[in-house]
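Structure first, commentary second.
Proteins get letters first, then strands, A, B, ... in listed order; numbering begins at 1 in each. Hydrogens, waters and symmetry mates play no part in the numbers below; they use all other heavy atoms, side chains included.
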Amino acid sequence: MRFSRLLVPTTKETPNDATLASHIFLIRGGFIQSVGGSGLYNFLPLGKKVLDRVRNVVKEELDNAGCQEVSLSFVTPASLWEESGRYEKYGKELLRFKDRKDNEFVLGPTHEEMMVNLVRQSVKSYKQLPLNLYQINLKFRDEIRPRFGLMRGREFLMKDGYSFHVDEADMKREFDLMEETYKKIFTRLGLEFRVVEADSGAIGGSGSKEFMVLADSGEDTIVVCDGCDYGANIEAAVRREKTCDAPAPQLGSEKVHTPDATTMEALSKFFNVDPFYLVKTVAMRAFYDEGKSQIVLFALRGSDELQEVKACNAVDANELVEVSEEELEEAGLIAGFMSPLNAPESVRVVIDNALKGATNMICGANEKAYHTTGNTIDGDFDYRDIVAVQEGDACAKCGGTLRYTKGIEAGHIFQLGTRYSEPLGCTFLDENGKAKPMVMGTYGIGVSRLLAAIIEQHHDEKGCIWTKESAPFDLYVMVSNIKDEAQLALGEKLYEALSAAGIDVLFDDRKDRFGAKMKDYELIGIPHAVIIGKKLFDGLVEFVTREGMVKEEVSAEEIVSFVQERLC
RNA sequence: CGGAGUGUAGCGCAGUCUGGUAGCGCACCUGGUUUGGGACCAGGGGGUCGAAGGUUCGAGUCCUUUCACUCCGACCA
């Protein structure tokens, strides 16, 4: 491709809404263009090329693993969503609309329903299973807050795969195969990543794993172990039970006047005890379908923090919202002095596993300005894991030290079970002629997000540094001064010879000066370049490696074979 | 939805307080010079100042309403 003919509107100036390197360089490098609506982007020729290359890597590996590509309608009938029960559960993220006949539709945010519908219509027998179908298509989620360019757009390209099995064991086999396949994909793309235990979220199902591309700019906090390979999203992370060296308060069962001790810190000072021996009670309003809600008290040790996703799952709610003091009072609760032990009937109580059987605990009295001491938590409560693992906690697996790191969720695989096949009636006949719901797995990769993830991991202050399998071109060839006939002639010759050798070359034949072209090269970030410049007088050209901007002088006569050797 | 802010040329911004010919940089077009680190000179095109209403002789500027977008929190590939 000749640069002079390529639409690559590079800019010197940074768009004012871009803060992330990937967002800045993808816009400045002319890969993508903001559409104006938030979270919507056009892919320009360079961006489209990268997207296609990434997509091909994904496709090749999946096809190798025996998956079959299909393409489902982007517009999906609302009735399917009602069948699965997600029409409401998915909430405002579903973009709903009606056609001229007043039929309701949804722009697909994920396609479990659609794929199940496809399969239930065409698969009837155990002989046709297992089956793994995928597509690489647009998705639309009306995100609450799109941001960071391609990282969190509303419209995005996703690979979504769905597998169908006769039983759980076969589904797990496929799940493991997909984990291996995903590892191959991310490795080929040159990404440093980690596979972690994850929460299943709105998709539903049991076991799930996320593929986290490690980057400080990642939106997810992941917990990793220094001692073993344990890794988990903070939303699903577990730890070894915590202990405390400080002595437990030796206080009998009493009610103590504690007027100003409304925080854990103040309470800890008041009694001069470690927060480990305090009961922290967090009130949240849990929302369910049809707008129903209930106040829930979550109790944990004063030294712990509530993990909201775990808490939300514990009460099976759609979402949790903080509660105002007025609402608390209406429910008969006093902020700062709440207790799970004698809570009003109307509120639900969930207690963290770590508190089960705890003794000598100091707790709110459910009475203004009073706490009670000497409590033992052994009642018939709903005990759950609702705690946020903290840095320094011990690994449940090996006892090593856990720490936080940041990641970009690039892939997520789920063991779905019959979450969708059952309500949608996706059944097959087994050897005995009995109808059974298919056991499913589902597997996603954020393909457009991968572009952002690659740049987050591979860039410098000057621009992008694409990895081998993601680069828009294999090689960039620059003629420094196109008025220099010898330079131009060599450029044309190289362009032709290298292209003929199967190398995808971006040939910079523009009239601009050396500096301008160099800046564009650095911004666009093609892995290697050949610069034809003044040293051609001495029969030399430069071979540049974008990573580190390493320059090597090579004889003009040998450059073709030199490049071929270096690029493969 | 809660909090904070911004809407003026394709992009980045000034002008708004104190009403009086709509500006600057980048980009773009024409001509010339220049060609190893985002060149220079000369000329040029491009705007219903987010929208609606109001005050006024006169509104980008003041008032009211509204919409959109951005940033900080809850959702997710």
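For the C1' atoms, the distance linking B/A14 with B/U33 amounts to 33 Å, nearest Å. The same atom, C1', is picked in B/C49 and in B/G23; the two are 12 Å apart, to the nearest Å. Atom name P, nucleotides B/U8 and B/U48: the rounded distance is 11 Å, in whole Å. Rounded to whole Å, the C1' atom of B/U61 lies 15 Å from the corresponding atom of B/G7. On the P atoms, B/G60 is 10 Å away from B/G20, given to the nearest whole Å. Rounded to whole Å, the C1' atom of B/U16 lies 10 Å from the corresponding atom of B/A59. For B/U34 and B/A42, the C1' atoms lie 15 Å apart once the distance is rounded to whole Å. The gap from the C1' atom of B/A51 to that of B/U35 amounts to 49 Å, rounded to the nearest Å.
One interatomic measurement links the two molecules: CZ of A/Phe193 to C1' of B/A77, which rounds to 16 Å at whole-angstrom precision. Distance, A/Asn42 CG to B/C11 P: 13 Å, rounded to whole Å. Atom-to-atom, CG of A/Asp508 to C1' of B/U35 comes out at 13 Å; the value is rounded to the nearest Å. Here B/G73 presents its P atom at 13 Å from CD1 of A/Ile144, a figure rounded to the nearest Å. B/A74 atom P lies 12 Å from atom CD1 of A/Ile234, rounded to whole Å. Following rounding to the nearest Å, A/Arg147 (CZ) and B/C72 (P) show an atom-to-atom distance of 6 Å. The distance between atom CG of A/Leu138 and atom C1' of B/A77, rounded to the nearest whole Å, is 13 Å.
Base pairing annotation: B/C76 forms no Watson-Crick or G-U wobble pair, as no partner gives both donor-acceptor distances under 3.5 Å. With a 3.5 Å ceiling on both atom-pair distances, the Watson-Crick or G-U wobble partner of B/C28 is B/G44. The pairing partner recorded for B/U21 is none, the criterion being a Watson-Crick or G-U wobble arrangement whose two distances lie under 3.5 angstrom. Under the Watson-Crick or G-U wobble criterion, with both distances below 3.5 Å, B/G60 has no partner in any strand shown. Base-pair partner of B/A51: B/U65 (Watson-Crick or G-U wobble, both distances under 3.5 Å). Pair assignment for B/U34 gives none, since no Watson-Crick or G-U wobble pairing has each distance under 3.5 Å.
Across all strands, A/Gly444 comes closer than 4.0 Å to no nucleic acid atom at all (heavy-atom distances). Across all strands, A/Asp484 comes closer than 4.0 Å to no nucleic acid atom at all (heavy-atom distances). Using a 4.0 Å heavy-atom cutoff across all strands shown, A/Gly153 reaches at least one base atom of the nucleic acid. Across all strands, A/Glu409 comes closer than 4.0 Å only to sugar-phosphate atoms, never to a base (heavy-atom distances). Nucleic acid contact for A/Val213: none, since no nucleic acid atom lies under 4.0 Å from a heavy atom of the residue. The residue A/Glu235 sits apart from the nucleic acid: no heavy atom pair falls under 4.0 Å.
For A/Arg141 and B/C76, a side-chain-to-base donor-acceptor distance below 3.5 Å is absent, hydrogens and geometry of angles not being considered. Residue-to-nucleotide contacts include no donor-acceptor pair under 3.5 Å from the side chain of A/Glu13 to the base of B/G10. The base of B/C76 sits within donor-acceptor range of the side chain of A/Arg449, with an N or O pair under 3.5 Å.
Taking for each of A/Asp220 and A/Phe148 the nucleotide of RNA chain B with the nearest heavy atom, the 5'-most of the two is the partner of A/Phe148. Of the two residues contacting RNA chain B, namely A/Leu157 and A/Thr19, the nearest-nucleotide position lying further toward the 5' end is that of A/Thr19.
Within the structure, every side-chain polar atom (N or O) of A/Asn16 is placed at least 4.0 Å from both OP1 and OP2 of B/U70. For A/Lys534 and B/G36, the shortest distance from a side-chain N or O to OP1 or OP2 is below 4.0 Å.
Taking the six-membered ring for Trp and the full ring otherwise, A/Phe211 and A/Phe186 have centroids separated by under 6.0 Å. Residues A/Phe543 and A/Phe562 bring their aromatic ring centres within 6.0 Å.
With hydrogens and angles ignored, the 3.5 Å screen pairs no side-chain donor or acceptor of A/Thr545 with any backbone N or O of A/Glu547. Checking side-chain atoms of A/Gln307 against main-chain N and O of A/Val309 turns up a donor-acceptor pair under 3.5 Å. Checking side-chain atoms of A/Lys406 against main-chain N and O of A/Asp216 turns up no donor-acceptor pair under 3.5 Å. Counting only distance, with no hydrogens or angles, the side chain of A/Ser448 and the backbone of A/Leu157 share a donor-acceptor pair below 3.5 Å.
Comparing B/U34, B/C75, B/C71 against the side chain of A/Arg145 picks out B/C71 as the nearest.
A/Glu391 CD: more than 12 foreign heavy atoms inside a 6.0 Å radius.
A/Arg145 is linked by a salt bridge (charged side-chain N to carboxylate O under 4.0 Å, His left out) to nothing, counting only residues two or more places apart in sequence or in another chain.
Aromatic ring orientation, A/Phe25 versus A/His459: tilted (interplanar angle from 30° to 60°).
One finds no salt bridge joining A/Asp460 and A/Lys462 here, because no Lys/Arg side-chain nitrogen approaches an Asp/Glu carboxylate oxygen to under 4.0 Å.
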Quiz prompt | Base-contact (B) and sugar-phosphate-only (S) positions in nucleotides 37-47 of chain B, heavy-atom cut-off under 4.0 Å, - elsewhere | solution = BBB--------
